[in-house]
Amino acid sequence: MPELPDVEIFKQYLSSTALHKKIRSVDIHSAEMLKGVTAQKLKKTLKGERFISTRRHGKHLFVEMAESKKWLVLHFGMTGFLKYFKNTAREPAHERLLIHFSNGYRLAYDCQRKLGEIALTDAPEVFIQEKELGPDALEPDFNVDRFKETLKKTRAMIKSALMNQKFIAGIGNVYSDEILFQAGIHPETRSSELDEDALTTLYSQTKRVLRTAIDARADPDHLPSTFIIPHRHGHGTCPKCKNNIEKIKVGGRTAYYCPQCQKG
DNA sequence: TTCCATGTTCCGCA
DNA sequence: TTGCGGAACATGGA
């Protein structure tokens, strides 16, 4: 489930495995996932390089190269993840990009449904601007005033507004449900109708939920029992009031919420 | 077999 | 004109 917390974990994973190692060769299995760069150009750019640093903005991961100073950009769609391995037995099933290092290890970008994206950019800032991405949900500069300002100016349903990457980068379907549950706000509430108190609560819960998820390594099994995410499938019950969780469509996406605890 | 899924983008309508 | 909301996209599992 690659939303902000998941991508943060991918960033930590890549940083602790694949940095500073020489890239011997690159295999591109699904060239249609490359955006704005040809397979030939990407291979040529990566070959002989070393990754030296990583950054994350919302759901995008940026990996800097030592020589060219360019950045590899990875977006994970609904099903993407990374795997660093040596044994072919550990090779994932839907590799779209495979980077071979001179130490014999490989870094696979696996994306079963191919809704992710592989790109190259001169700088993360340039990419973020071109994509018109909003501020990262966890960046310190994104304070309560900017959060309120952003959400007051749209009449979209609050769940849709939280998921709009041009407003705030990093929140997807699953964590928007969690944030709204923790804040006690109904997902279909019009964003512009939220009062100051509701917005203040929503802001602090946005930060808290995302940080808590990162601390849990974005693993649903490690999330607090007070979270709704573990009860998000099947016929779950609310961890606060024990009533049944409702499943509805909001802006075309599946939303789970507690009708008792989340009022419009 | 049909439906549904955590992602973004595109198009029609208000 | 702008922005919202549903459909489409690619693929596979229930």
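Naming convention: chains lettered A, B, ... in sequence-line order (proteins, then strands); numbering from 1 in each chain.
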- request: Starting at the 5' end of DNA chain B, write a dot or bracket for each base, bracketing those in Watson-Crick or G-U wobble pairs whose two distances are under 3.5 Å and using | for partners on another strand.
  value: .||||.||||||||

- request: Scan side-chain atoms only and decide if A/E49 and A/S68 contain a donor-acceptor pair under the 3.5 Å cut-off.
  value: yes

- prompt: Tell me: CG of A/N173 to P of C/dG5, nearest whole Å?
  reply: 15 Å

message: With a 6.0 Å cut-off (strictly less than), is the heavy-atom count around NZ of A/K166, excluding the residue itself, greater than 12?
response: no

message: Go through it in stages, so that I can follow the logic: the residues are A/T121 and A/K70, the test is side chain to side chain donor-acceptor pair (under 3.5 Å), and I'd like the CA-CA distance, side-chain angles, deciding distance and then a yes or no.
response: CA-CA 6 Å; A/T121 187; A/K70 286 184 182 297; over 6 Å; no

field: Polar side chain donor-acceptor pair, A/T79 to A/Q112, under 3.5 angstrom
entry: no

- prompt: Which parts of residues 177-196 of chain A get close to DNA chain B, meaning a heavy atom less than 4.0 angstrom away?
  reply: none

Linked, directly or transitively: A/I168 and A/L210 (ILVMFWY side chains, under 4.5 Å): yes

- prompt: Can you check whether A/F127 and A/H60 have ring centres sitting under 6.0 Å from each other?
  reply: yes

- prompt: Does a donor on one side chain sit under 3.5 Å from an acceptor on the other, for A/T237 and A/K242?
  reply: no

task: Send over the distance from A/K247 NZ to B/dC3 P, rounded to a whole Å.
output: 14 Å

Aromatic contact, A/F76 with A/F81 (centres under 6.0 Å): no

Considering only nitrogen or oxygen atoms on both sides, find all protein atoms under 3.5 Å from nucleotides 11-14 of chain B and state each distance.
none

message: Tell me if the centroids of the rings in A/F62 and A/H57 come within less than 6.0 Å of each other.
response: no

- prompt: Taking NZ from A/K59 and C1' from B/dT9, how many angstroms apart are they, rounded to a whole number?
  reply: 13 Å

task: Establish, from distance only, whether the side-chain atoms of A/T154 and A/S191 form a donor-acceptor pair under 3.5 Å.
output: no

task: Check DNA chain C against residues 146-160 of chain A and give the residues with a non-hydrogen atom under 4.0 Å, in numerical order.
output: A/T154, A/R155, A/A156, A/M157

field: Interatomic distance, A/L162 CG vs B/dT8 P [rounded to whole Å]
entry: 13 Å

message: Less than 6.0 angstrom separating the ring centers of A/Y84 and A/Y105, yes or no?
response: yes

- prompt: So with a 6.0 Å cut-off around NZ of A/K22, is the heavy-atom count from everything else above 12?
  reply: no

query: B/dC3 and C/dA7: how far apart are their C1' atoms, nearest whole angstrom?
result: 15 Å

field: More than 12 heavy atoms of other groups within 6.0 Å of A/R90 CZ
entry: no

field: Distance-only donor-acceptor check, side chains A/R106 and A/S25, under 3.5 Å
entry: no

Separation of atom CE in A/M163 from atom P in B/dT8, rounded to whole Å: 7 Å

Test item: side-chain donor near acceptor, A/K43 and A/T38, under 3.5 Å: no

message: Applying a 4.0 Å non-hydrogen cut-off, can you work out what A/Q165 is touching in the nucleic acid: base, sugar-phosphate, or nothing?
response: sugar-phosphate

field: d(NZ, A/K249; C1', B/dC4) in whole Å
entry: 7 Å

- prompt: Any chance OH of A/Y13 has more than 12 other-residue heavy atoms, nucleotides or ligands included, within less than 6.0 Å?
  reply: yes

task: Using heavy atoms and a sub-4.0 Å distance, could you list which residues of residues 120-139 of chain A are near DNA chain C? By number, please.
output: none

- request: State whether a side-chain donor-acceptor pair under 3.5 Å links A/T254 with A/K249.
  value: yes

- request: Classify the side-chain pair A/K86/A/N103 by whether it contains a donor and acceptor separated by less than 3.5 Å.
  value: no

query: For residues A/Q182 and A/E178, is any side-chain donor paired with an opposing acceptor at under 3.5 Å?
result: yes

Quick one: which protein N/O atoms are closer than 3.5 Å to N/O atoms of nucleotides 7-14 of chain C? Pair and distance per line, please.
{"unit_1": "C/dT11", "atom_1": "OP1", "unit_2": "A/K114", "atom_2": "NZ", "d": "2.3"}
{"unit_1": "C/dT11", "atom_1": "O2", "unit_2": "A/R113", "atom_2": "NE", "d": "3.4"}

- prompt: Distance check: side-chain N/O of A/T79 vs OP1/OP2 of B/dG7, anything under 4.0 Å?
  reply: no

